[in-house]
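Worksheet for the structure shown next.
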Amino acid sequence: MKLNKLALLSILLWLALAGVAAWFFVHGQTAPGTDGRKVVKLSPQERALVLMEMRGLLQSTHGVIEGLSREDLALVAKSARAGGMAAAADVNPALMAKLPLEFKQLGMSVHQGMDDIAMAAEQGEKSTVILQRMSNQLARCVACHSAWQLPMDAPDVPR
Ligand code: HEC
């Protein structure tokens with residue numbers, strides 16, 4: 001009987017913990033920003049990691065556009081691939097818990113979109129169609145940047 005109660009208690013504790021983890025996975029750690037956007041509260045190191053990934057995405061974007069302008073589909077494929085899912089795979093779980101679900105989904109869809117562009121270029125898709133794909137990608141960059149902010153001095157971030 002005693003053992004049953006202990007088992008029940010541990011199951012309840014486990015469920016509570018799973019609930020907390022799920023809550024963070026969906027909501028992340030956010031706050032209202034100063035310019036109408038929402039703030040994701042990251043430590044300086046996590047912020048630096050996300051911004052580095054961002055600069056990588058800009059570099060990929062440049063390579064894709066450059067490749068398209070020169071009809072160099074190999075350059076398009078190589079540049080897009082560099083910003084694909086593999087570029088996001090090493091993100092740590094602590095950071096994942098701080099990013100809201102919407103942010104993660106949008107971010108992953110951009111990385112997936114880069115892989116799709118790489119594949120399209122490898123298969124010799126028409127430049128105008130690849131350009132249309134890239135335009136869809138940029139719409140996602142714009143959507144996320146107009147919704148979220150990563151300030152240096154995010155409130156309540158442990159330094
Ligand atoms: C899931 C959300 C999201 C997506 C998608 C996204 N970004 Fe960002 N990006 C951000 C946030 C948030 C910042 C920080 C903005 C701020 O604090 O004002 C940022 C910052 C940047 C920066 C500045 C980096 C630095 O060192 O300061 C660049 C460049 C950038 N993004 C490029 C891109 C490009 C290009 C794309 C699309 C191919 C893209 N981003 C898609 C969220 C996103």
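Everything quoted here is computed from the prediction, not taken from an experiment. Counting starts at 1 for both ligands and their atoms, following the listed order. Along the sequence shown, the residues carry numbers beginning at 1.
Residues Gly83 and His111 share a closest heavy-atom pair of O-ND1, 2.7 Å. Taking every heavy atom of both residues into account, Gln137 and Ser109 meet most closely at OE1-O, 3.9 Å.
Counting only heavy atoms from C-beta outward, the side chains of Met54 and Leu58 never approach each other to under 4.5 Å. Residues Val110 and Leu106 fail the side-chain proximity criterion, which asks for heavy atoms closer than 4.5 Å.
Contact annotation: for Val110 versus ligand 1, heavy atoms closer than 4.0 Å belong to the side chain alone. Contacts between Arg37 and ligand 1, counted as non-hydrogen atom pairs separated by less than 4.0 Å, involve the side chain only.
Looking only at distances, no side-chain donor or acceptor of Lys98 sits under 3.5 Å from a matching main-chain atom of Val40. Looking at Gln112, its side chain never comes within 3.5 Å of a backbone N or O of Gly84 through a donor-acceptor pair.
Among residues two or more places apart in sequence or in another chain, the side chain to side chain donor-acceptor pair (under 3.5 Å) test is passed with Asp72 by none. Qualifying side chain to side chain donor-acceptor pair (under 3.5 Å) partners for Gln149, counting only residues two or more places apart in sequence or in other chains: none. Here Glu125 pairs with Arg133 under the side chain to side chain donor-acceptor pair (under 3.5 Å) rule; sequence neighbours left out.
Residue Gly107 has at least one heavy-atom neighbour below 4.0 Å for each of these atoms of ligand 1: 1 (C).
Atom 26 (O) of ligand 1 has Arg55 NH1, 2.7 Å as its closest protein atom, hydrogens excluded (heavy atom only). Looking from atom 16 (C) of ligand 1 to the surrounding protein, the closest heavy atom is Leu150 N, 3.7 Å. Protein heavy atom nearest atom 23 (C) of ligand 1, with residue, atom name and distance: Leu51 CD2, 4.4 Å.
Of all protein atoms, those of element N, O or S that lie under 2.8 Å from atom 8 (Fe) of ligand 1 number 2.
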